[in-house]
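Just so you know, residue 1 is the first one in the sequence shown, and it goes up from there. The structure presented is a predicted model; accordingly, all values stated were derived computationally and were not measured.
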Amino acid sequence: MSAEEKDVSRKKNGTFAKKGHGKKVLGLRKGLNSRLASSNGDPLPPVQKHMDETCDTDCDIPVHIDHDYYGIQEEVIVCSDEVDEDSFVPDENTYDWRVGRRIVELGMLADGLRACKLCQFPLQLHNCISEKKFGLSHILNIKCENCELINDVATGSRHRTEKGGLAWDANTKLAAGMINGGFGESHINTLLAVLNIPGICHKNLKEREREVGQKLEVMANASCKRNLANEVALTDSHEDGIVVSFDGAWQKRGTGRAYNSLTGHASLIGNKTGKCVGYALKSKKCRICSAAKEKNVTPRKHNCKKNWKGSAKSMEPAMACEMLQSVLDQGEKVSTLVMDNDSTTIARVKSTVDQNITKRCDSNHTRKGFTASLIELSKAHKLLRNTKVRSHIERCFTYSISQNKGQPEQLADALSSIVPHLYGEHSSCGSWCRGNEEGYKHKALPYGKPLDDRDLREALQSLMEKFSSKSSELAYMGSTQPNESFNYMAASKAPKRFLTRVVLCRRVPTLLDT
């Protein structure tokens, strides 16, 4: 057996390893045990902790137990994002820069370590003596081995802000990600803590959020203009204008009795492109102005977002008029507005913007209105409290509308034949009905038999006549589903607990640049 074969042993996992590797592991364990005995149970420095599984790795690189920031937060040097680096003096109690993780741009670090500023001697990272923290970015104070000059080496790139100062790109990107993800400062710092990355000061993050928010608003307005141009290009030339859908939402859910949300937003989406051609935001409160009013002082200079004094319910008509007027100001025209059954909004639009704009009902809101009417009738007619019966009537109503799109007369006849169909009269039913077949039974009606309540028939007949009179509108209905989807995404970006328009106006524009 050769000397090389004698120096080979098996690991726990069955692979072969040299005996010299095992000796290193035993030496590390002995040192660890001796330090534990001399420390009287106190925790060891993080760098000196080794895992017992080190011996099972396939390389000689030691595996360290992850670090914990608990207990050293007071020693962390926290700096503002925009600061004069020359006036910064590192503290003697600065924690070890080896602790935890850092976000580093390798190119910037490599360029900084290339040579000393004084003697052009290459710098070594292990000669770092302290660290300046600027949010996610840092400046390492590295001592030159040749001339002992302390060099400042940045771990990331910076850019010039509108105020004239320098801001770190990593912090600006973090603020953009926070806005796009719908997070807050506490969520960001919690995530960084789990990753063992030093957190960022809330003032620093808020300043970067303001910087990003202004750019997002500019991008959102440019996106709306671009989408409007595409919508006009796809619209037929013989049409009088474009067709858009409109819907609004609030950051506080209405109860049916109280509509007291402090903020609201609305969107205008093109029918051809399915993209947003306009959006509006309303707010009844500004925290800075409210605080100044309580103290009876003049508010400081700020970007005030308060632009509404009326009720929350009146926000929707105002936002509709604002967006439609913006389209007119750009030289385009809206011919049809797809929206819910709110008569106040369309009346305000015709009186203040354009009286020639026509309204197209939304299919979902129409169905909900029909269902609400049946529920109201169930208070006087017990049979409609049966969910199967009510659902069957709803299906008959929706089937009649979907099968007669663009045919108002046929739709009126289909709606008028629903009540006789429920009572076993199938002479006016269409090909969809199998009531004339032998042995036919209603699957959704009680005991499979037709209805026989005369009072209920009169009530249902009156309800169907009401909708049959609107057959010209129901035959050409649209959909506000894209707007509902927009509202859902807006709620994910700016959750309901964020009631200030400052948060809303920075996060809603992230939905538009698509």
Any Ile418 side-chain heavy atom under 4.5 Å of Tyr399 side chain: no
Check ion pair Glu162-Arg210 (N to O, under 4.0 angstrom): no
Point-to-point distance, once rounded to the nearest 0.5 Å, from CD of Gln251 to OG1 of Thr263: 4.0 Å
Are any of the side-chain heavy atoms of Leu174 and Leu205 separated by less than 4.5 Å? yes
So if I apply the side chain to side chain contact (heavy atoms under 4.5 Å, CB included) rule between Phe246 and each of Leu324, Leu268, Val338, which one comes out positive? Leu268
Determine whether a donor-acceptor pair (N or O, by modelled atom type, separation under 3.5 Å) exists between the side chain of Lys282 and the backbone of Ala312. no
Worked verdict on Lys305 versus Glu217 for salt bridge (charged side-chain N to carboxylate O under 4.0 Å, His left out): CA-CA 13 Å; Lys305 299 298 183 180; Glu217 291 186 41; 3.4 Å; yes
Does a side-chain heavy-atom distance below 4.5 Å link Met339 with Thr345? yes
Should we say atom CG of Asp236 is surrounded by more than 12 heavy atoms from elsewhere, each under 6.0 Å from it? yes
Between NZ on residue Lys359 and SG on residue Cys361, distance to nearest 0.5 Å: 5.0 Å
For residues Lys306 and Cys289, determine if any side-chain heavy atom of one lies less than 4.5 Å from a side-chain heavy atom of the other. no
Does the pair Glu316/Lys313 count as a salt bridge with the N-to-O cut at 4.0 Å? no
Hey, does Ser137 have a side-chain heavy atom less than 4.5 Å from the side chain of Arg158? no
Over 12 foreign heavy atoms within 6.0 Å of NE2, His302: yes
Does some side-chain heavy atom of Val232 sit less than 4.5 Å from a side-chain heavy atom of Ile242? yes
Would you check if Lys333 and Asp354 make a side-chain contact, meaning some heavy-atom pair closer than 4.5 Å? yes
Report, as yes or no, whether the 6.0 Å neighbourhood of atom CD on Glu239 holds more than 12 heavy atoms from other residues, nucleotides or ligands. yes
What donor-acceptor contacts under 3.5 angstrom involve side-chain atoms of residues 390-397, with partners at least two apart or in another chain?
from: Arg390; atom 1: NH1; to: Leu384; atom 2: O; distance (Å): 2.8
from: Ser391; atom 1: OG; to: Thr387; atom 2: O; distance (Å): 2.7
from: Glu394; atom 1: OE2; to: Thr371; atom 2: OG1; distance (Å): 3.3

Flag the pair Arg208 / Thr161 as yes when at least one side-chain heavy-atom distance between them is below 4.5 Å, and no otherwise. yes
